[in-house]
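The structure presented is a predicted model; accordingly, all values stated were derived computationally and were not measured. Throughout, a chain's letter reflects where its sequence line sits, starting with A, and its residues are numbered from 1.
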Amino acid sequence: MLIPCPHCGPRDVQEFSYQGDATRKRPDPASTDVHAWHAYVYDRPNPAGPHREYWQHIGGCRAHIVVERDTLSHEVLGAAFASDLSNQGGTRP
Amino acid sequence: MVERISPLGAAFRPGRHGNLTAGPGVQLAEVTPPAIVEAAAWPGQKEALARAVAGATGLALSALPNAGAVGEQATAFSIGPHRFLVTGGDDLTARLTEAVPLETGTLTDLSHGRIALRVAGPRAEWVLSKLFAIDFAAAAFPVAEGRATAHHDVLAQIQRTGPDRFDLFVFRSLARAFWESLCAASEEAGYEVVR
Amino acid sequence: MAEYSALSLLKNALSGNRDWRPAWRKAEPKPAYDVVIVGGGGHGLATAYYLAREHGIARVAVLEKGWLGSGNIGRNTTIVRSNYLLPESIRFYDFSVKLWENLSHALNYNVMFSQRGILNLAHSPAQADEYIRRGNAMRHGGGDAVWLTRHEIARRVPGIDFSPRARFPVVGGLLQPRAGTARHDAVAWGYARAADRLGVDIVENCEVTGFLREGDRITGVATTRGDIRAGKVALAVAGSTSRLMRMAGIERFPIESHVLQAFVTEAVKPYVDCVVTFGGGHLYMSQSDKGGLVFGGDLDGYNSYAQRGNLPLVKEVMSEMVAMFPATARLRLLRSWGGVMDMSMDGSPIITRGPLPGMYLNCGWCYGGFKATPASGFSFAWTIAKDEPHPINAPFTLSRFERGAVIDEKGQGPTPKLH
Amino acid sequence: MSPRRAASTGLVDRSQALRFTFDGRTYSGHPGDTLASALLANGITLVGRSFKYHRPRGIFTAGVDEPNALVTVLSGDGREPNIPATQIELYEGLEVESQNRFPSLEYDLGALGQLAGPLLSAGFYYKTFMGPVFGPLKGTRFWMICEHAIRRAAGLGRAGYEKDPARYEEMNAFCDVLVVGAGPAGLMAAEAAAKAGRRVILAEQEPKAGGSALWSGEMIGTRPAHQWAQAMAEKLAATENVRFLPRTTVWGYYDGNTLAALERVADRPSGTAKGLPRLRLWNIRAGKVVLATGSLERPVVFPGNDRPGVMLAGAAERYARQYGVLPGERIAVFTNNDGAYRAAAALRKAGAGVVAIVDVRPEISDAARALAQEAGVEPLLGHAVTGTAGKRLTRITIQRFDAATGRVSGDGRPVDVDCLAVSGGWSPTIHLASQAGGKPVWDEALHAFLPPSPMQPWVGAGAFAGAKTTVEALSTGRDAGLAAAGKKPSRARLPAVTAPALDPAPAPVLEIKAAGKAFVDLQNDVTAEDVRLAHREGFISVEHLKRYTTLGMATDQGKTSNLPGLAIMADARGLPIPEVGTTRFRPPFSPVSIGALAADRHRHFKPDRLTPMHDWHVGHGARMMEAGLWHRPMIYGQPGETVEQAYIREAAAVRRSVGICDVSTLGKIAVKGPDAAEFLDRVYTNTFSTLPIGKARYGLMLREDGIVLDDGTTWRLGAHDFLMTTTTANAGKVMQHLEYFLDAVWPHLKVHVTSVTDQWAGAAVAGPDARRVLEACVTGTGVDNVALPFMGIVHGRIAGAPVMICRLSFSGELAYEVYCGAGHGAHVWEALMDAGEPFAITPYGMEALGALRIEKGHVTGAEIDGRTTARDLYLDGMLSKKKPFIGSALMDRESLIDKNRLRLVGIVSLDGQPLGGGAHVVEKGSLDELGASIGHITAACYSPALERHIGLALVKGGKSRHGTRAFVSDPLRKRFGPVEIVSHHFYDPEGRRMHG
């Protein structure tokens with residue numbers, strides 16, 4: 001499987017570390033809503049089909065990448081730097 | 001000035017080794033420069049950083065992914081979306097510190113933390129292809145460009161410094177183990193360890 | 001005479017093996033059941049068997065979308081063990097091992113549970129302490145565990161790298177003698193046949209496409225073979241849990257589906273007797289009765305429903321194999337395959353009533369599903385029949401994440417790929 | 001010359017003889033032979049014994065699909081079992097033995113098992129061996145006794161235990177077009193793609209290019225097909241943008257068009273050029289793939305179809321044409337298609353007697369008839385072989401057969417033969433395409449599955465894609481090559497092919513039902529009756545069939561048995577074959593040596609990670625131990641010392657005078673930027689923004705779920721410049737944790753993190769004399785209490801090398817961590833040793849470090865085990881109430897603040913006996929009657945300061961048990977004894993010594 005790193009180009013999956021669901025929103029750091037935190041930390045959409053997920057190019061440029069990939073076929077549908085798509089919910093501190 | 005001690009130790013065995021029926025296919029050497037600095041830009045500042053590094057080193061450096069430049073006294077290449085690895089002489093850190101303001105980015109001295117190993121010769125692409133899952137062909141990896149990649153647990157930042165010459169920057173603590181892997185991979189082609 | 005015995009084999013051999021009955025009927029789905037179990041894998045079939053056998057509930061259907069046992073019951077590395085660290089896990093899996101010990105008799109089906117032991121190799125003093133902690137926990141929890149020194153291991157298991165050049169020298173190992181291996185497919189078939197003989201309908205090629213509901217309450221399932229009403233709907237669909245939960249309207253759930261590869265070499269004469277695991281990485285290996293070395297390692301490490309893995313993991317596992325047993329470099333990999341794991345957020349399963357009224361859930365088995373099959377079926381059946389958990393599955397709730405009462409054997413936190 | 005050598009040499013070089021041994025006897029063959037062709041040439045047809053019934057077996061195929069002729073190679077660097085004789089290139093000195101027989105291949109006691117034949121039907125073992133329900137053999141005992149015998153009878157060859165000295169390597173390759181298979185189609189494809197300027201890899205599993213051209217007897221252009229193929233291959237190999245890889249099996253088709261191939265580079269004992277690997281694993285990332293993998297012949301199943309001497313017709317033809325070997329002297333052919341007629345003609349031409357052609361079909365094509373004439377025999381149409389005789393084939397029985405009804409009639413007619421060439425038609429080799437995804441498509445005319453429509457970028461060509469003739473193979477090959485290169489099909493003329501106009505469609509007959517054992521899977525001894533039994537018992541899905549009967553699970557993975565097995569099940573179910581389905585093919589296509597998959601890590605599993613002072617440690621008697629990838633000194637043992645004596649001496653020296661310890665392995669992360677302080681406030685539970693420049697602070701990090709992640713000190717070197725240290729074990733994890741938050745959560749924070757673990761060498765100098773040691777060697781700064789207070793940082797030089805010194809203590813003594821550039825590490829270390837000599841400075845290892853920290857009650861990985869909270873470790877004081885931090889939201893959930901959690905305490909042995917890490921703590925009990933565990937000891941040592949055996953432990957209730965008695969219970973090490981639970985701060989709890 002190849003992951004298209006926006007900096008390095010397509011690279012073998014062995015250079016990457018998977019970091020899971022990229023649709024979760026981290027609650028505002030000051031939030032005390034335990035349910036929201038619980039959902040962020042524990043709940044996953046886990047679709048059978050297109051999935052937005054984090055990969056870190058740990059054996060390369062070390063950037064985190066948001067990849068859209070089909071979990072049924074492993075086909076990669078798109079990729080972008082995670083830093084362009086912050087998952088911080090709430091107001092920015 | 002206190003001399004740095006090479007981490008390769010007894011694993012560094014100058015001379016010719018391996019299959020020499022067609023002469024050594026590669027030369028291997030440790031070429032750690034006096035200074036190695038990681039220069040990192042803030043988002044949107046990579047071009048400014050490239051200009052600053054260029055100004056400090058005299059290199060023609062672009063901010064494009066994988067871009068790099070090779071000069072007599074200095075080299076630089078992109079190792080990440082916002083980062084360059086820059087090498088040069090003893091005064092490199094001072095020059096860069098002057099050239100890179102905090103608004104552009106930061107500098108981290110890695111002169112002791114990274115070791116540069118050179119693989120050169122007609123079989124260099126062949127030998128390196130054993131260790132890394134990247135395309136070393138000249139069309140895919142032009143001279144002066146850089147790549148950040150890994151051989152299992154060993155991260156390597158690689159710059160092509162000549163048509164058949166590559167400089168590999170690896171973590172110092174892993175340099176001896178990696179050197180041994182590199183020598184083993186070179187046996188088929190025959191290799192010469194040069195000082 | 002038992003349906004299966006040496007005598008029945010002889011009798012049938014004399015009549016040209018023409019009189020054997022199907023192992024289970026190819027049942028047609030009825031319009032309604034007391035309990036519908038979704039998932040014709042090991043856990044679903046075991047649940048049906050114990051419902052009928054222990055609780056007298058026989059109006060039960062097991063619905064399987066493909067062929068029976070097509071999930072992880074037939075894709076695992078066949079290891080049965082209870083060498084766990086935490087008391088909740090020890091109690092559950094030890095209960096399971098006890099059921100395993102009598103399973104062939106209970107089912108009148110030889111599931112070939114062979115108690116050849118499992119040996120966890122430790123490679124540093126710190127790792128040895130960790131394993132000893134676990135072994136002691138097993139002993140204090142009523143289980144069996146023995147510490148073997150380096151020399152005892154060298155005598156017992158030939159082929160392990162004891163040379164001075166070994167990258168991770170063996171300092172000792174934790175042996176659970178009662179652990180072992182079983183014939184995976186036979187477990188599915190054995191439970192299916194035994195449940196069938198107790199009146200359970202096993203319906204293959206019947207895919208659930210939705211839930212029937214009255215308000216919040218689940219009252220049955222819609223399937224590719226029509227609607228089926230049920231007093232209780234029990235899900236045992238590890239690998240597809242999130243898909244089913246989504247059909248029930250639950251969009252996010254503490255499960256990730258991951259692919260795990262497994263491997264077998266060509267058959268060779270007896271080579272290694274017990275199950276061995278390597279502590280310098282993640283590898284578990286045993287030899288099947290047929291002679292192949294059966295082994296596996298880590299997950300590929302990304303969400304997948306594809307039942308196929310990739311090359312880096314293959315190479316990683318083989319490297320570990322050669323690091324542990326250097327001579328296996330000369331053996332040949334015959335086949336690899338992949339299974340889809342329900343990876344939970346703490347590495348432990350969920351066996352519970354709910355989360356919706358009328359629904360019962362059994363999922364999150366991570367790597368541990370096969371060995372758990374009997375205890376899982378037993379305690380799930382209990383939970384379904386009595387509407388309360390059996391003591392062995394009481395800690396394995398869904399609410400434990402919210403409460404922080406996780407059962408985290410590996411101490412990795414909510415990172416499913418690391419469990 | 002052997003009587004079994006044909007007049008024509010084929011592609012074998014008879015000018016040179018190669019000696020080899022089989023079961024201890026020496027024979028001779030030639031370059032170009034396989035072991036199989038050489039054995040046949042020597043008249044050897046009994047080669048192996050089958051898996052279950054130990055029936056005598058011969059050579060069934062000429063290629064990768066061989067189910068029978070498996071041998072163990074002894075002449076390599078180690079025993080290698082289960083290698084098909086058809087896949088071994090003959091070399092001088094090759095030594096092999098047959099397998100699965102005792103005492104000999106000729107007389108095998110295992111064959112007695114056949115007497116129990118009907119008892120050993122498919123799945124019999126599920127129905128018996130359960131044993132008694134009561135008594136000593138209850139439970140699993142009886143089965144395990146039976147199993148012991150079964151295991152000894154099972155298995156094929158015997159594997160060795162010796163470390164494999166061979167070399168294995170790996171290669172990464174990139175290409176625009178990968179062509180798999182160098183038969184006529186693959187050669188054309190490679191040429192077309194190469195001409196279009198693409199980077200091409202052409203892989204062929206055989207030693208020579210050509211595929212069927214090597215033995216088809218056809219002409220391509222003006223030359224024999226094999227010469228055409230050789231010329232094409234030579235031309236391609238010499239082309240700049242083509243890499244031709246013979247002896248290379250592409251065995252895996254993975255995601256992203258990544259394919260795995262195995263090259264047999266020097267698969268023979270040493271003597272090959274130095275440095276050449278035995279096998280090379282190729283990881284090929286291809287833009288496009290051309291699959292030109294050809295097809296595999298399948299047999300017809302009939303009673304007695306397994307005797308040595310029965311082989312596939314294509315194989316017989318290949319032995320005759322390619323190897324110049326006669327597989328028999330009196331040969332019969334049995335077929336359902338035209339192809340075998342060409343074999344008959346070839347065998348006759350090579351000098352064998354063709355005594356019969358038996359064809360199930362009532363009619364045949366003119367071309368077939370002409371070939372029969374060439375073979376000199378009148379075909380018996382509407383007939384079938386219904387039986388065989390002989391340990392080695394001596395006779396076959398022929399009966400009338402109606403292909404429409406499948407019925408056999410009339411009397412059996414015996415014919416004396418020593419070889420029977422069988423053909424059931426050909427199936428495309430679709431394995432790789434199936435691995436790539438998709439469902440195969442049934443082709444009624446070919447009576448075979450064709451490849452699925454591509455799920456990944458591949459193009460099919462030749463027989464793989466259903467081409468029926470060489471002409472079609474050439475044209476589909478060229479088109480596929482062009483398509484893969486992004487070009488349109490060509491209309492240019494193709495080379496002419498001279499070949500008989502055979503009918504490609506076989507009769508749909510794959511089984512002859514008659515009395516006697518008819519084998520479907522030859523290696524696993526699965527019979528047609530077994531398939532029908534599976535059907536009767538309800539194992540009717542293909543997967544159930546395979547699992548219940550073991551059909552297709554042997555080393556050949558069902559290459560010859562797959563379709564006949566399906567056909568028999570389809571017949572039993574009364575369904576067409578495609579409705580019964582086909583199993584999904586999985587990697588590898590053919591078995592791959594594990595050594596090749598481990599490749600270079602066969603010898604370097606994990607790299608050794610070494611500190612700058614490593615060589616000094618080893619040179620000074622350190623015993624090293626593993627700490628992740630790192631090697632660290634465990635003790636610096638003196639002659640005659642035990643580990644315990646050594647660490648006690650070392651630790652005592654630290655408490656008494658001064659010791660020095662290599663701490664270079666600590667993780668070190670440069671955290672820089674205008675928002676660095678803010679970032680650290682979010683990452684740590686305590687506050688760092690208030691830390692003055694030139695000072696360090698101890699910090700604690702949690703995971704998002706509120707559990708402790710790591711701890712360490714962070715040093716403020718400038719307003720925007722911090723140096724974070726982590727534990728050795730968690731350095732990578734913490735780095736990733738920081739990077740994740742900076743990239744994915746707070747990308748607007750201006751912070752850079754860089755691993756500088758390797759930039760710095762670190763030495764901890766600890767003990768009452770530590771300051772005096774530094775005073776003796778540090779220049780450029782003072783190190784007194786004013787210049788360098790507790791947690792202060794100064795910069796200076798030691799022996800000319802720049803150093804950074806932080807006064808902090810893990811041991812509880814007055815202590816400093818001296819950091820310098822890693823390249824100066826050994827230099828500075830030696831200077832410290834020199835400066836410390838007057839104080840008898842003692843280097844200490846991990847064991848002493850551990851003892852010192854246990855005395856102080858400092859936590860490390862054994863306590864921060866991924867399950868403990870800050871409160872569990874009594875680090876509550878570090879949890880800031882003034883700001884949120886990672887983990888603050890979830891750290892106080894109900895179960896995480898439960899009174900009964902395991903919490904940190906100290907333990908003192910009351911019986912003077914040692915405690916062990918991993919021992920449990922109980923309130924009562926004994927080794928015979930284990931009590932309930934209330935916790936466990938995380939680390940233990942003999943404390944030189946307290947002169948007692950002590951330990952740290954996590955026990956239920958923690959502090960509330962201080963001052964109470966309990967017992968250490970360690971059944972694994974057979975230790976039980978009284979202990980007292982105390983505070984974990986054993987030694988100098990006020991910290992006077994380190995502040996002194």
A.B. asks: Do Q99(D) and K269(C) come close enough that some side-chain heavy atom pair is under 4.5 Å?
C.D. replies: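 They are not in contact (no side-chain heavy atoms under 4.5 Å apart), so the answer is no.
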A.B. asks: Work out which heavy atom in I132(C) is nearest to a heavy atom in G917(D); give both atom names and the distance.
C.D. replies: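 In this case the closest contact between I132(C) and G917(D) is CG2-O, 4.2 Å.
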A.B. asks: Against chain D, label D161(C) side chain, backbone, both or neither, depending on which of its atoms sit under 4.5 Å from a heavy atom there.
C.D. replies: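 Looking at D161(C), just its side chain touches chain D.
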A.B. asks: If you count heavy-atom pairs under 4.5 Å between each of R116(C), M345(C), M138(C), R165(C) and chain D, which one has the most?
C.D. replies: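 Ranked by contacts with chain D, first place is R116(C).
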A.B. asks: Using a 4.5 angstrom heavy-atom cutoff, name the option from Q127(C), K315(C), E204(C), R400(C) with the most pairs to chain D.
C.D. replies: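 Option with the top pair count is K315(C).
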A.B. asks: Taking only Lys NZ, Arg NE, NH1 and NH2, and the carboxylate oxygens of Asp or Glu, determine whether E316(C) and R601(D) approach each other closer than 4.0 Å.
C.D. replies: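 Salt bridge present between E316(C) and R601(D).
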A.B. asks: Does any heavy atom of chain D fall under 4.5 Å from the side chain of P87(C), the backbone, both, or neither of them?
C.D. replies: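 No part of it gets close to chain D.
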A.B. asks: side-chain contact (heavy atoms from CB on, under 4.5 Å) for N17(C) and E529(D)? Distances and angles first, verdict last.
C.D. replies: CA-CA 9 Å; N17(C) 286 313; E529(D) 218 26 66; over 6 Å; no
A.B. asks: Are the aromatic ring centres of Y161(D) and F325(C) under 6.0 angstrom apart?
C.D. replies: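 Y161(D) vs F325(C): aromatic centres not under 6.0 Å.
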A.B. asks: Can you tell me how far the CZ atom of R151(D) sits from the CD atom of Q287(C), to the nearest 0.5 Å?
C.D. replies: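 It is 5.0 Å, given to the nearest 0.5 Å.
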A.B. asks: What part of S114(C) gets closer than 4.5 Å to chain D, counting heavy atoms only: side chain, backbone, both or neither?
C.D. replies: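 Both parts, backbone and side chain.
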A.B. asks: Would you call Q261(C) and R586(D) a side-chain contact if the rule is heavy atoms closer than 4.5 Å?
C.D. replies: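 With C-beta onward as the side chain, the pair stays apart.
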A.B. asks: Heavy-atom distances under 4.5 Å only: say whether L174(C) touches chain D with side chain, backbone, both or neither.
C.D. replies: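 Looking at L174(C), just its side chain touches chain D.
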A.B. asks: Report yes if the side chains of R193(C) and E537(D) come closer than 4.5 Å at any heavy-atom pair, otherwise no.
C.D. replies: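 Counting from C-beta outward, R193(C) and E537(D) never come under 4.5 Å.
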A.B. asks: Could you tell me whether the side chain of F129(D) reaches within less than 4.5 Å of the side chain of M112(C), counting heavy atoms only?
C.D. replies: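 M112(C) vs F129(D): side chains apart.
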A.B. asks: Under a 4.5 Å heavy-atom cut-off, does chain D meet the side chain of A137(C), its backbone, both or neither?
C.D. replies: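 Both parts, backbone and side chain.
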A.B. asks: So which of V111(C), L331(C), D408(C) has the largest heavy-atom pair count under 4.5 angstrom toward chain D?
C.D. replies: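 Ranked by heavy-atom pairs under 4.5 Å with chain D, first place is L331(C).
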A.B. asks: Chain D: which of R139(C), R21(C), R308(C) shares the most heavy-atom pairs with it under 4.5 Å?
C.D. replies: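 Looking at each option in turn, the highest pair count goes to R308(C).
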A.B. asks: Between Q115(C) and chain D, with a heavy-atom cut-off of 4.5 Å, which part of the residue counts as in contact: side chain, backbone, both or neither?
C.D. replies: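 For Q115(C), heavy atoms of backbone and side chain both lie under 4.5 Å from chain D.
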A.B. asks: Could you look at I407(C) and say if it's the side chain, the backbone, both or neither that has a heavy atom under 4.5 Å from chain D?
C.D. replies: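 Neither part.
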A.B. asks: Using non-hydrogen atoms and a 4.5 Å limit, figure out which bit of A126(C) sits close to chain D: side chain, backbone, both or neither.
C.D. replies: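 Neither part.
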A.B. asks: Check each atom of S70(C) against the heavy atoms of chain D and say whether the ones under 4.5 Å are side chain, backbone, both or neither.
C.D. replies: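 For S70(C), there is no contact with chain D at all, as no heavy atom is under 4.5 Å.
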A.B. asks: Verify, without hydrogens or angle tests, whether R330(C) (side chain) and D164(D) (backbone) share a donor-acceptor contact under 3.5 angstrom.
C.D. replies: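 Judged by distance alone, no pair lies under 3.5 Å.
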A.B. asks: Select one option (side chain, backbone, both, neither) describing which atoms of L107(C) are under 4.5 Å from chain D's heavy atoms.
C.D. replies: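 For L107(C), neither part sits under 4.5 Å from chain D.
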A.B. asks: Under 4.5 Å from any heavy atom of chain D, what part of V314(C) do you find: side chain, backbone, both or neither?
C.D. replies: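 It is the side chain, since no backbone atom gets that close.
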A.B. asks: Working to the nearest 0.5 angstrom, can you tell me the gap between R867(D) CZ and Q412(C) CD?
C.D. replies: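 Output value for this atom pair is 9.5 Å.
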A.B. asks: Mind checking whether H544(D) and W67(C) have parallel, tilted or perpendicular rings, split at 30° and 60°?
C.D. replies: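 Judged by the thresholds at 30° and 60°, the geometry between H544(D) and W67(C) is perpendicular.
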A.B. asks: Output the distance between atom OG1 (T140(D)) and atom NE2 (H105(C)), rounded to the nearest 0.5 Å.
C.D. replies: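 Going from OG1 on T140(D) over to NE2 on H105(C), the span is 9.5 Å.
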A.B. asks: H140(C) vs H920(D) aromatic rings, parallel, tilted or perpendicular, using cut-offs 30° and 60°?
C.D. replies: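 The rings of H140(C) and H920(D) lie parallel, inter-plane angle below 30°.
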A.B. asks: Nearest 0.5 Å please: distance from the CG atom of L334(C) over to the OG1 atom of T555(D).
C.D. replies: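 It comes to 7.0 Å.
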A.B. asks: Are the side chains of R893(D) and E402(C) in touch, meaning some heavy atoms are under 4.5 Å apart?
C.D. replies: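 No, their side chains stay 4.5 Å or more apart.
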A.B. asks: Just so I know, are the side chains of R183(C) and R547(D) near enough to count as touching, which here means a heavy-atom distance under 4.5 Å?
C.D. replies: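 Counting from C-beta outward, R183(C) and R547(D) do come under 4.5 Å.
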A.B. asks: Please round to the nearest 0.5 Å and tell me the distance separating atom CE of M130(D) and atom OG of S5(C).
C.D. replies: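 Separation between the atoms: 7.5 Å.
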A.B. asks: Out of curiosity, S336(C) OG to Q435(D) CD, how far, rounded to the nearest 0.5 Å?
C.D. replies: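 Going from OG on S336(C) over to CD on Q435(D), the span is 7.5 Å.
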A.B. asks: Does any backbone or side-chain atom of R167(C) lie under 4.5 Å from a heavy atom of chain D? Answer side chain, backbone, both or neither.
C.D. replies: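 For R167(C), the contact with chain D is made by backbone and side chain together.
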A.B. asks: Around R141(D), counting heavy atoms of other residues, nucleotides and ligands shown, do more than 12 lie under 6.0 Å from its CZ?
C.D. replies: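 For R141(D), atom CZ is not crowded (no more than 12 foreign heavy atoms under 6.0 Å).
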A.B. asks: Can you confirm whether F539(D) sits close enough to D185(C) that some side-chain heavy atom of one is under 4.5 Å from a side-chain heavy atom of the other?
C.D. replies: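 F539(D) does not reach D185(C) side chain to side chain.
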